[in-house]
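Counting starts at 1 for both ligands and their atoms, following the listed order. Just so it is clear, the model here is predicted, and its values are computed rather than measured.
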Amino acid sequence: MLTVRAPATSANLGSGFDVFGAALSRPADVLRVSEADRTTISVTGAGSQYIPEDPEKNTVGAVAEALDAPAHIEIDKGVRPASGLGSSAASAAAAAVGLNELYERGYSRAELVPMAAEGEAVVSGDAHADNVAPAILGGFTIATPEGVTRVDAGVPLVACLPEVVVSTRDARRVVPAGATIEEVVETVGCAATLVVGMCRDDPALVGRGMADAVVTPARAALIEGYETVHTAALGAGATGVTVSGAGPTVVAACRESDRRAVAATMVEAFADAGVESRAYQTRVGRGATVH
Ligand code: HSE
């Protein structure tokens, strides 16, 4: 039997829609995998009541199939589903890393990324690697159809998860069909700034590079209290604030010394808007680890 911990992730980071992703030091899913003749799944933890245990309908079942690695898989969810924190990607990543090791399949971490992404696609219909890449590889990742580039980073972040529901379908439906050349120029500038910020572990550059005038404003409108939280977080020292993945989590970059205050301020601001939330004080962290 093996135990694998795979982290929550934050995709997009504003200017990198469907491309950027970062592993978070917390929260995380923990999976226990043991060899079996056929795959069975049990799920406990955050939001487990919404997650199917049928291997045909669960992302880890699809990963076990792809690796030809039937197993009993116990999933302890630390990452709530539909949070914008890569919940299904965390489970898929943990299953890919754990089953690869359990059955000594010998795939590299990079080779496991498309397998976990395909596993996710079987269940969610969409094979974006922007969450599974950082969940497997750790750090900050740039996922394109040509492959994944990663850098080690440790920028402090706050991920504030409100008790509101945003369907991924709605969040994708509101993405504008096009952008003006001015918006493209601005986005390229921000994305480049964010990448340099990650390479230098510089929260000021990362925060500045999170700005995005194309996708984020449309999605922010789906999150009650977003504008209040955005303004309050910047006032408390955040260097940048945006929607995490498809939402509803709001993610802020900041200096370590400001992180506690930023977290408390974001929770208060959501409360002012009548929305309960919890804030994870986190940072860009490691990928899946086997224990
Ligand atoms: N990048 C996706 C989106 C989420 O923002 O819809 C994660 O795949």
Neighbour count >12 (heavy atoms, 6.0 Å) for atom CZ, Arg286:
no

Can you pull the residues with any heavy atom under 4.0 Å from ligand 1?
Asn12, Phe17, Asp18, His128, Asp130, Asn131, Arg172, Arg219, Gly245, Ala246

Just checking Glu35: does its CD atom have more than 12 heavy atoms from other residues, nucleotides or ligands closer to it than 6.0 angstrom?
yes

The side chain to side chain donor-acceptor pair (under 3.5 Å) partners of Arg80 (sequence neighbours excluded) come to none

ring-ring contact (aromatic ring centres under 6.0 Å, His included) involving His128 - partner list, sequence neighbours excluded
none

Examine distances only and state if a side-chain atom of Ser15 and a backbone atom of Met210 form a donor-acceptor pair shorter than 3.5 Å.
no

For a quick test of your reading: what N or O donor-acceptor pairs under 3.5 Å do the side chains of residues 255-264 make, sequence neighbours left out?
| from | atom 1 | to | atom 2 | distance (Å) |
| --- | --- | --- | --- | --- |
| Glu256 | OE1 | Arg283 | NH2 | 2.3 |
| Glu256 | OE2 | Arg259 | NH2 | 2.8 |
| Glu256 | OE2 | Arg283 | NH2 | 3.4 |
| Arg259 | NH1 | Thr282 | O | 2.6 |

